[in-house]
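Just so you know, these numbers use all the heavy atoms, side chains as well, and skip hydrogens, waters and symmetry mates. Here, residue 1 is the first one in the sequence, and each next residue gets the next number.
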Amino acid sequence: MLLEIQQVEKVIHELGPLVRSEVLAYSRTHSLKLPIYKLSFGSEDPQAPVVGLVGGVHGLERIGSQVCVSLLHSFSELLLWDEVIKESLKHLRVFFIPVVNPIGILKKTRSNPRGVDLMRNAPIEGEHPPRFLGGHRYSSKIPWYRGVEGAPMEVESRALVEAVQKEIFQSPLAITVDFHSGFGIQDQIWFPYAKTTKAYPEIGLAHAFKSLFDRTFPHHFYKIEPQALNYTTHGDVWDYLYDKYREQYALNGSAKGVYLPLCLEMGSWMWVKKNPLQLFNLQGHYNPIKSHRMKRTLRRHNTFFEFTLRAALSPQSWAYLSEEQRVKHETLATELWYA
């Protein structure tokens with residue numbers, strides 16, 4: 001059994017009725033069958049604000065799943081004694097999907113057991129992404145394979161999409177954070193779109209969120225920017241969910257909802273820079289190998305998680321902008337990211 005799954009099951013056992021857990025689906029091969037868990041906490045009101053954490057989409061990037069499990073562990077411990085957390089959860093829902101691609105992690109492959117890159121698998125087309133990196137349909141033997149055109153999404157990506165839809169689609173405010181690694185020498189927080197270099201519809205909202213984080217923690221170490229400034233892709237699951245969320249609110253004719261899907265991309269090149277021998281280990285391209293770097297990474301993102309919870313509970317400080325504020329943040333965002 002995968003260690004991360006054992007850790008998730010330990011949390012479920014220890015918390016009992018304090019956690020709502022379910023198996024979303026099973027990832028399978030001929031000889032393996034591993035569960036994909038979702039754990040939910042707090043308000044069951046479908047219109048409560050929501051924060052969701054996701055890890056392990058790419059099997060090679062095991063550190064993403066490990067960070068998600070570490071945050072789950074800390075959160076579950078706080079739930080046992082912290083009255084502030086208990087009170088907050090009366091008004092907030094938090095969910096974790098820590099291991100989306102368990103067999104990929106076990107087999108040390110980026111893709112799922114069928115050779116499909118789960119973050120290139122959604123039915124959404126990008127605008128001129130890189131030929132292979134951006135997703136392709138040539139062969140499952142080549143990384144970044146999207147799957148067969150017109151086929152249903154893979155079991156793992158479908159489970160992720162349906163679970164997130166269930167949690168956020170009736171909520172007027174939602175934030176999700178998907179943990180990855182493997183790009184650059186600095187930890188980065190990316191927001192949509194992955195499919196196009198054009199600014200996404202709520203660029204002012206993303207800038208307001210960034211500005212609030214910058215003011216609250218002026219010495220943080222993240223680079224916050226649109227993902228497409230680095231590269232574009234086909235089939236991004238978060239682009240797909242974001243568009244579906246906006247479509248639903250438009251069709252219902254209800255008050256506008258706010259959904260901010262974030263990708264936290266840990267800069268694995270800094271680990272390689274400090275320990276070049278990692279290059280001779282495929283896992284070393286994407287994960288810290290030295291134990292002290294592993295511990296530092298597992299505690300590194302607690303502050304951002306705490307900020308995200310507080311931001312979801314205080315949307316008036318960044319999400320619900322006046323027209324004047326919206327125009328101001330859109331102008332500043334354009335100057336910062338699209339000048």
Side-chain angles (χ1 to χ4, degrees), residues 1-14 27 34-37 39 51-79 94 96-112 118-119 143 176-190 217 219-224 262-309:
M1 177 67 79
L2 193 66
L3 175 60
E4 288 78 5
I5 292 178
Q6 292 176 338
Q7 292 170 328
V8 169
E9 291 176 340
K10 184 172 183 287
V11 169
I12 294 170
H13 174 73
E14 290 178 347
S27 185
L34 296 180
I36 301 169
Y37 279 106
L39 285 70
V51 172
L53 271 61
V54 174
V57 171
H58 291 140
L60 272 178
E61 301 168 22
R62 186 171 191 169
I63 188 62
S65 190
Q66 291 168 325
V67 167
C68 195
V69 170
S70 177
L71 292 172
L72 168 63
H73 172 79
S74 297
F75 183 81
S76 64
E77 287 296 323
L78 287 170
L79 191 59
V94 181
F96 295 79
I97 309 176
V99 191
V100 176
N101 183 12
I103 293 181
I105 292 176
L106 191 66
K107 297 288 189 180
K108 301 179 182 179
T109 63
R110 177 183 176 88
S111 62
N112 76 343
L118 301 178
M119 205 44 66
T176 54
V177 184
D178 183 16
F179 292 91
H180 289 259
S181 69
F183 188 89
I185 58 173
Q186 181 179 4
D187 290 347
Q188 302 182 63
I189 297 172
W190 290 343
F217 300 102
H219 306 297
H220 73 78
F221 43 79
Y222 298 104
K223 184 177 183 179
I224 304 174
L262 302 173
C263 173
L264 199 162
E265 184 80 19
M266 289 172 271
S268 66
W269 299 355
M270 60 184 170
W271 304 321
V272 173
K273 180 180 177 182
K274 292 178 180 179
N275 182 28
L277 291 177
Q278 288 188 203
L279 286 172
F280 297 99
N281 178 346
L282 184 58
Q283 289 283 90
H285 291 212
Y286 301 95
N287 303 279
I289 300 299
K290 300 284 187 178
S291 62
H292 68 282
R293 292 197 186 104
M294 171 66 79
K295 291 178 181 178
R296 184 183 304 142
T297 303
L298 293 180
R299 65 175 181 261
R300 188 176 176 88
H301 305 289
N302 289 314
T303 299
F304 182 67
F305 178 40
E306 180 182 346
F307 171 80
T308 304
L309 297 178

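- The backbone N or O of L34 lies less than 3.5 Å from no partner atom in the side chain of S27, so there is not a single donor-acceptor pair.
- Other residues, nucleotides and ligands place more than 12 heavy atoms under 6.0 Å from the CG atom of L78.
- Between the side chain of N275 and the backbone N or O of K290 there is no donor-acceptor pair closer than 3.5 Å.
- Between W271 and T297, some side-chain heavy-atom pair lies under the 4.5 Å cut-off.
- Expressed to the nearest 0.5 Å, how far NZ of K10 lies from CD1 of I12 amounts to 12.5 Å.
- Between F183 and W190, the ring planes lie perpendicular to each other; the angle is over 60°, past the 30° to 60° tilted range.
- In this structure, the side chain of N101 does not engage the main chain of H58 through any donor-acceptor pair within 3.5 Å.
- Within the 4.5 Å cutoff, the side chain of K295 has heavy atoms near those of the R299 side chain.
- Because its NZ or CZ atom is both nearer than 6.0 Å to the ring centre of F221 and within 45° of the ring axis, R300 counts as a cation-pi partner of that residue.
- The two residues S268 and G182 make their nearest non-hydrogen contact at OG-CA, 3.0 Å.
- A donor-acceptor pair is defined here as one N or O able to donate and one able to accept, closer than 3.5 Å; such a pair exists between the side chain of S76 and the backbone of H73.
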### Task
Walk me through it: do E265 and H180 pass the test side-chain hydrogen bond (donor to acceptor under 3.5 Å, both in side chains)?
CA-CA 5 Å; E265 184 80 19; H180 289 259; 4.8 Å; no
### Task
Test V67 against L298 for side-chain contact (heavy atoms from CB on, under 4.5 Å), laying out the working first.
CA-CA 5 Å; V67 167; L298 293 180; 4.1 Å; yes
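- Around the NE2 atom of H13, the shell of radius 6.0 Å holds no more than 12 heavy atoms that belong to other residues, nucleotides or ligands.
- Atoms CD and CG, on Q66 and L71 in that order, are 12.0 Å from each other to the nearest 0.5 Å.
- Separating the OG atom in S70 from the CD atom in E4 is a distance of 11.0 Å, to the nearest 0.5 Å.
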### Message
Pair I5, Y37 - check side-chain contact (heavy atoms from CB on, under 4.5 Å), show working.
### Response
CA-CA 8 Å; I5 292 178; Y37 279 106; 3.9 Å; yes
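- No side-chain heavy atom of H285 sits under 4.5 Å from any side-chain heavy atom of V272.
- Residues P98 and C68 share a closest heavy-atom pair of CA-SG, 3.7 Å.
- Closest of all the heavy-atom pairs between G56 and I105 is CA-CD1, 4.1 Å.
- For the pair I189 and F304, the minimum side-chain heavy-atom distance is below 4.5 Å.
- Side-chain atoms of H220 come within 3.5 Å of backbone atoms of Y222 as a donor-acceptor pair (strictly under, hydrogens ignored).
- Using a 4.5 Å heavy-atom cutoff, the side chains of F75 and V94 are in contact.
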### Task
In sequence, state the C-alpha distance, the side-chain angles, and the governing distance for N112 and I103, and then conclude on side-chain contact (heavy atoms from CB on, under 4.5 Å).
CA-CA 7 Å; N112 76 343; I103 293 181; over 6 Å; no
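- Here the side chains of R110 and V57 are not in contact, with every heavy-atom distance at 4.5 Å or above.
- The heavy-atom pair separating V100 from P102 by the smallest distance is O-CD, 3.2 Å.
- Of the inter-residue distances, the one linking R293 atom CZ with I63 atom CD1 reads 13.0 Å to the nearest 0.5 angstrom.
- How far CG of L262 is from OG1 of T308: 7.0 Å, rounded to the nearest 0.5 Å.
- Within the 4.5 Å cutoff, the side chain of V177 has no heavy atoms near those of the V54 side chain.
- To the nearest 0.5 Å, the span separating CG on L60 from NZ on K108 amounts to 9.5 Å.
- Without hydrogens or angle criteria, S181 side chain to E61 main chain gives no donor-acceptor distance under 3.5 Å.
- The main-chain N or O of G267 is found under 3.5 Å from a side-chain atom of D187 such that the two form a donor-acceptor pair.
- Between F305 and L53 the shortest side-chain heavy-atom distance falls below 4.5 Å.
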